[in-house]
Amino acid sequence: MAWSTRQLADLAGTTIKTVRHYHQMGLLELPDRAPNGYKQYQTTHFVRLLQIKRLTELGLSLAQIRAMGSADEEPDEAIRVLDAELAGTIERLQRIRAELAVILKYRPPWTPRCRSARSLKDCRNGIGPC
């Protein structure tokens, strides 16, 4: 079965502009063309487009996806690389959370500049005598 660019984009839940952008970035191979010049996307294009979409939803940049290459070339290696990158990101975020916990635990008490304001919002907005 062959799909047009519009059909492929609709099936994958994306736009023609996105499909073209992925071509320009080298993420999605160009399909063969019909005698009338229209592109004819195959199942492999559809699967790759869904893969790109899913990886971007997981937070990977298009550059990271391009660096991984096509998962059908070396799927296990691509998954291992992605897993290692995600593990590093998780460790970094856990360190940041631990540092924030320390800051919250040992921060000095907050004292508003204007003691007569009813709330912090009033103080910031200059309501009440300061």
Side-chain angles (χ1 to χ4, degrees):
M1 167 134 216
W3 297 291
S4 69
T5 307
R6 160 78 57 208
Q7 292 168 326
L8 180 74
D10 289 346
L11 280 171
T14 191
T15 65
I16 293 173
K17 186 176 180 180
T18 299
V19 172
R20 290 178 181 154
H21 182 67
Y22 292 165
H23 286 311
Q24 291 171 347
M25 300 252 338
L27 293 168
L28 185 63
E29 289 184 19
L30 287 170
D32 293 332
R33 291 186 180 263
N36 63 5
Y38 291 164
K39 294 174 184 162
Q40 294 187 310
Y41 291 93
Q42 303 299 320
T43 305
T44 56
H45 296 101
F46 178 61
V47 169
R48 177 63 176 162
L49 184 57
L50 290 177
Q51 179 188 53
I52 295 166
K53 186 176 175 189
R54 182 65 181 133
L55 291 171
T56 57
E57 289 170 353
L58 290 171
L60 272 71
S61 70
L62 295 180
Q64 289 172 311
I65 296 170
R66 185 176 50 229
M68 285 176 60
S70 179
D72 57 347
E73 294 169 5
E74 288 289 333
D76 292 344
E77 183 59 27
I79 292 169
R80 279 193 279 281
V81 168
L82 175 58
D83 184 58
E85 288 179 8
L86 291 174
T89 299
I90 290 168
E91 287 176 23
R92 182 180 60 82
L93 292 173
Q94 287 175 332
R95 283 193 309 272
I96 291 169
R97 288 191 71 215
E99 290 175 21
L100 289 174
V102 170
I103 290 169
L104 286 173
K105 184 175 181 179
Y106 295 107
R107 68 178 168 84
W110 182 80
T111 306
R113 288 180 293 175
C114 49
R115 299 182 189 284
S116 61
R118 294 181 191 164
S119 69
L120 175 60
K121 184 177 178 183
D122 289 345
C123 183
R124 288 185 178 151
N125 291 330
I127 299 171
C130 292

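Every heavy atom of this structure was used, including side-chain atoms; hydrogens, water molecules and symmetry mates were not. Residue numbers count from 1 along this sequence.
Going from atom CD1 of Ile65 over to atom CG of Leu28 covers 11.5 Å, rounded to the nearest 0.5 Å. Expressed to the nearest 0.5 Å, how far CD of Gln40 lies from CG of Leu8 amounts to 12.5 Å. Of the inter-residue distances, the one linking Arg97 atom CZ with Ile90 atom CD1 reads 12.0 Å to the nearest 0.5 angstrom. To the nearest 0.5 angstrom, Leu55 atom CG is 12.5 Å from Lys53 atom NZ. Taking OH of Tyr41 as the start and CZ of Arg48 as the end, the distance is 13.5 Å to the nearest 0.5 Å. We find the OG1-CD1 distance between Thr56 and Ile52 to be 8.5 Å, quoted to the nearest 0.5 Å.
Ala2 and Gln42 get closest at one heavy-atom pair: CB-NE2, 3.7 Å. Scanning both residues, Pro31 and Lys39, for their nearest heavy atoms gives CG-CB, 3.5 Å.
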Please tabulate, one pair per line, all N/O donor-acceptor pairs under 3.5 Å involving side-chain atoms of residues 9-16, not counting sequence neighbours.
unit_1: Thr14; atom_1: OG1; unit_2: Thr18; atom_2: OG1; d: 3.4
unit_1: Thr15; atom_1: OG1; unit_2: Thr18; atom_2: N; d: 3.0
unit_1: Thr15; atom_1: OG1; unit_2: Thr18; atom_2: OG1; d: 2.8

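Following chains of ILVMFWY side-chain contacts shorter than 4.5 Å, one cannot reach Val19 starting from Tyr38, and the two form parts of different hydrophobic clusters. Leu30 and Leu49 are members of different hydrophobic clusters when ILVMFWY side chains are connected at heavy-atom separations under 4.5 Å. Hydrophobic clustering keeps Leu100 apart from Val102 (ILVMFWY residues linked when any side-chain heavy atoms are closer than 4.5 Å, directly or through intermediates). Follow the hydrophobic side-chain contacts under 4.5 Å out from Val47 and you never reach Leu60; the two are in separate clusters.
Side-chain contact of Arg54 with Gln51: a donor-acceptor pair under 3.5 Å is absent, judged by distance alone.
The aromatic rings of Trp3 and Phe46 sit tilted, their planes meeting at an angle between 30° and 60°.
For Arg66 (side chain) and Met25 (main-chain N/O), a donor-acceptor pair under 3.5 Å exists by modelled atom type.
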Inset, instruction - Output, in order, the C-alpha distance, side-chain angles, deciding distance and verdict of side chain to side chain contact (heavy atoms under 4.5 Å, CB included) for Thr44 and Glu29. - result: CA-CA 10 Å; Thr44 56; Glu29 289 184 19; over 6 Å; no
